[in-house]
Amino acid sequence: MSAFEKHPQWKAIESIHKTLTQNGYRALVAGGAVRDLLLQRMPNDIDIATDALPEQVEGLFDKTVMVGKAFGVSRVLIEGQDIEVATFRKDGLYKDGRKPESVEFTSAKEDAKRRDFTINALFYDLDKKEIMDFVGGQKDIMTKVIRTVGSADQRFAEDKLRILRAIRFHAQLGFTIEQQTTEGIRKHAILIHQVSHERIRDEWIKILKGDFAVSAIGRTNDFGLWSQLFGSWKYSSDDYKKLFGIDSSKDEEVLWILWFLSHCQESKEKLAEIGMQWKLPKSTIQKIVYCFQSLSQLRNIHNVEAVDLAIFMSKPNGRLALEIYQQLYQGRIKELFFEKVQKANTFFENGELPTILVNGEDLIAYGVSPGPRIAKELKRLYRIQLIEKITVKEELLGKIIKDQ
Ligand code: ATP
Ligand code: MG
């Protein structure tokens, strides 16, 4: 129980549970949260499944948002939280390889059967404090197995997103993907593009973040998904061990940048094009491009003065680019690089470089003619300020080279 009680949504869940049960309805914690409870992991979100119909849920709580009334999914806004409360349902026919055309409201048992994997199809009865398992999910959690509820062939035919979810749970939990489930994935991999780019993106980043990411990337390749997802990018398992191992960064932007730059360093245009296809946020694409452009500078580091490296590092994303460079070329970077970074760090005070003591107007007043010379001279003076550790403006002004 402890994993639930510490969850930020816990109070809201208790409150929803109380309201529903006092009004004669059932309210069970459902799906992923029960799986995480058994695994003593902190759930991402806690969902409630109920036999109350969507309009009954709507009537019982002050603030509700109907996500899909026809599909029985409401969101209850309570205790500062946003909780999914879904009516037990059975899916109708699937139309486009993603979603059912309609649903039918039914029992908890039927609701378990429409869920993707047995490990995700458990309920927890908060009154009796017991798990309700209609599909053998507890055993699969104990033996660490990802298995579809019912026929794998049918479940993947219905919804291709489940293919990526299986790989994602493998990446997060390290569970084995069971044989029939594996075969189902292989069979339907070719139709993965029935899933929207946004959903693919969201699952892929969870895969890269997972403790078992390297194995999951390998599975993606084994399952015949690689070219579907990544076109002509080369699969390179040695790189993945270095970049996406258990101790690697869990920062989403860092992971995207590493993922892109370890596969494509063709041109910034190509990177931006693929980033857009992947529906990455604009700011992430910009960072990918910036890091890409910085790589050649950093490769040339032996020709760069430590002060110039410090200025590079002080720019927005400068340190990010440095981290990416170090990650991408780990094991191949010369000692000189680290020495230079260390030296560059000595120019920083409390994590920042001192700001320049003079400005363009000072330079003009001292006889530098307006125009491109100003920027050049400012740059030169700033280097001097940093190297000589000058803190007095007048001293720096004395270093100005006036126009002839
Ligand atoms: P997470 O840790 O990401 O929250 P989760 O298993 O809770 O993982 P959700 O996307 O929150 O996943 O979905 C909640 C539950 O809804 C799942 O546990 C599963 O029972 C069911 N579910 C989600 N997506 C599907 C799907 N595509 N097909 C069938 N059932 C699904
Ligand atoms: Mg969830």
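Order of appearance sets the numbers: ligands from 1, and atoms from 1 within every ligand.
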Practice task
Anything with a heavy atom under 4.0 Å from ligand 1 counts, so go ahead and list those protein residues by chain and number.
Solution key: Gly31, Gly32, Arg35, Asn44, Asp45, Asp47, Arg114, Arg115, Asp116, Asn120, Asp159, Arg162, Arg165, Arg168, Phe169, Lys206
Handout entry: For the Mg ion (ligand 2), the closest N/O/S atom belonging to Asp45
Key = OD1
Completion exercise
Exactly one candidate in Phe260, Tyr235, Trp259 meets ring pair (Phe, Tyr, Trp, His ring centres under 6.0 Å) with Phe230; the answer is Trp259
Exercise for the section: Kindly give the heavy-atom pair with the smallest separation between Val135 and Asp133, and that separation in Å. Expected result: N-OD1, 3.1 Å
Practice task
Assess the side chains of Gln194 and Lys160: does a donor N or O sit below 3.5 Å from an acceptor N or O?
Solution key: yes
Handout entry: Donor-acceptor contact below 3.5 Å, side chain Asn23 vs main chain Tyr25
Key = no
Completion exercise
Per salt bridge (Lys or Arg N to Asp or Glu O under 4.0 Å), Asp111 is matched among Arg115, Lys113, Lys109 by Arg115
Handout entry: Carboxylate-amine/guanidinium proximity below 4.0 Å for Asp211 and Lys250
Key = yes
